[in-house]
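These notes are about the structure you will find just below.
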Amino acid sequence: AQSVSQHNHHVILSEAASLELGCNYSYGGTVNLFWYVQYPGQHLQLLLKYFSGDPLVKGIKGFEAEFIKSKFSFNLRKPSVQWSDTAEYFCAVNPGSNYQLIWGAGTKLIIKP
Amino acid sequence: DGGITQSPKYLFRKEGQNVTLSCEQNLNHDAMYWYRQDPGQGLRLIYYSQIVNDFQKGDIAEGYSVSREKKESFPLTVTSAQKNPTAFYLCASSTGWSSYNEQFFGPGTRLTVL
């Protein structure tokens, strides 16, 4: 079965630290890739997405993600986190053969001020 | 403000009762979705609707039912047949049924079965 793995369920960082959240998927064909974020008390919202082209995509609030096809990965990065980045981050993959999103379990990120 | 509203925010149900969760959107989106979220798990698709008067089962449709009589509304009924209904339920919509379309989410309803 197709699956999406987010290996870190909880991450705690200090402000200004660099962030990398892992996302791996199991589908071998063409994929569309997404990162969504849920800030405390807010709706789940799109952070960034990759469909094709440059494998390094930039999203809102200084986030970026790199698609590495050979590793089936779409890791999320930010060079310097802020307290306001405290949130839960979800990776989602559309395998392309249908239109259903397959979701990772999420990573809860806590930034210490 | 355009968006998706879900009500109620919290819902308590006794075993054996059916309950209906409301989802309304004013984004003029064709596609709507219902997800279930459990602790430590990703979102799982219950039902989706590509267009009015049409809907399809997702991965975990057993014990749930939906209707799509109006474009803006996609209510979810959790029936007594759902064996473990306590969860957080999220409704979403998108402009169309395409892998390229961003999904917009409501605030969710937390259902607890007593």
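Sequence lines set the chain letters: A, B, ... in the order given, protein chains first and strands last, and positions in each chain run from 1. All figures in this text were calculated on a predicted structure; none of them were measured in a lab.
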Q. Under 6.0 Å between the ring centres of A/W103 and B/F105?
A. yes

Q: Quick one: list whatever passes salt bridge (charged side-chain N to carboxylate O under 4.0 Å, His left out) with B/D59, sequence neighbours left out.
A: none

Q. Do you reckon A/L101 sits in the same ILVMFWY cluster as B/F74, going by side-chain contacts under 4.5 Å, direct or chained?
A. no

Q: Working to the nearest 0.5 Å, report the span between CD1 of A/I102 and CG of B/L43.
A: 11.0 Å

Q. Is chain A contacted by the side chain of B/E102, its backbone, both, or neither, given a heavy-atom distance below 4.5 Å?
A. both

Q. Are A/Y27 and A/I68 connected in a single hydrophobic cluster, I mean Ile/Leu/Val/Met/Phe/Trp/Tyr linked by side-chain heavy atoms less than 4.5 Å apart?
A. no

Q: Give, for atom CD of A/Q100 and atom CD of B/Q56, the distance between the pair rounded to the nearest 0.5 Å.
A: 11.5 Å

Q: Answer yes if A/Y39 and A/I12 sit in the same cluster of Ile, Leu, Val, Met, Phe, Trp and Tyr residues linked by side chain heavy atoms under 4.5 Å apart, and no otherwise.
A: no

Q) What's the shortest heavy-atom distance between B/G40 and A/A105, and which atoms? A) O-CB, 3.3 Å

Q. Does A/L76 belong to the same Ile/Leu/Val/Met/Phe/Trp/Tyr cluster as A/I110, with side-chain heavy atoms less than 4.5 Å apart forming each link?
A. no

Please set out all donor-acceptor pairs under 3.5 angstrom arising from side-chain atoms of residues 44-59 of chain A, sequence neighbours excluded.
residue : atom : partner : partner atom : Å
A/Y50   : OH   : A/G53   : O            : 3.3
A/D54   : OD1  : A/L56   : N            : 2.9
A/K58   : NZ   : A/E64   : OE1          : 3.0

(Q) Measuring from atom CG of B/L90 to atom CD of A/Q38, what distance do you get when rounded to the nearest 0.5 angstrom? (A) 6.5 Å

Q. Heavy atoms, side chains only, cut-off 4.5 Å: are B/Q103 and A/Y36 in contact?
A. yes

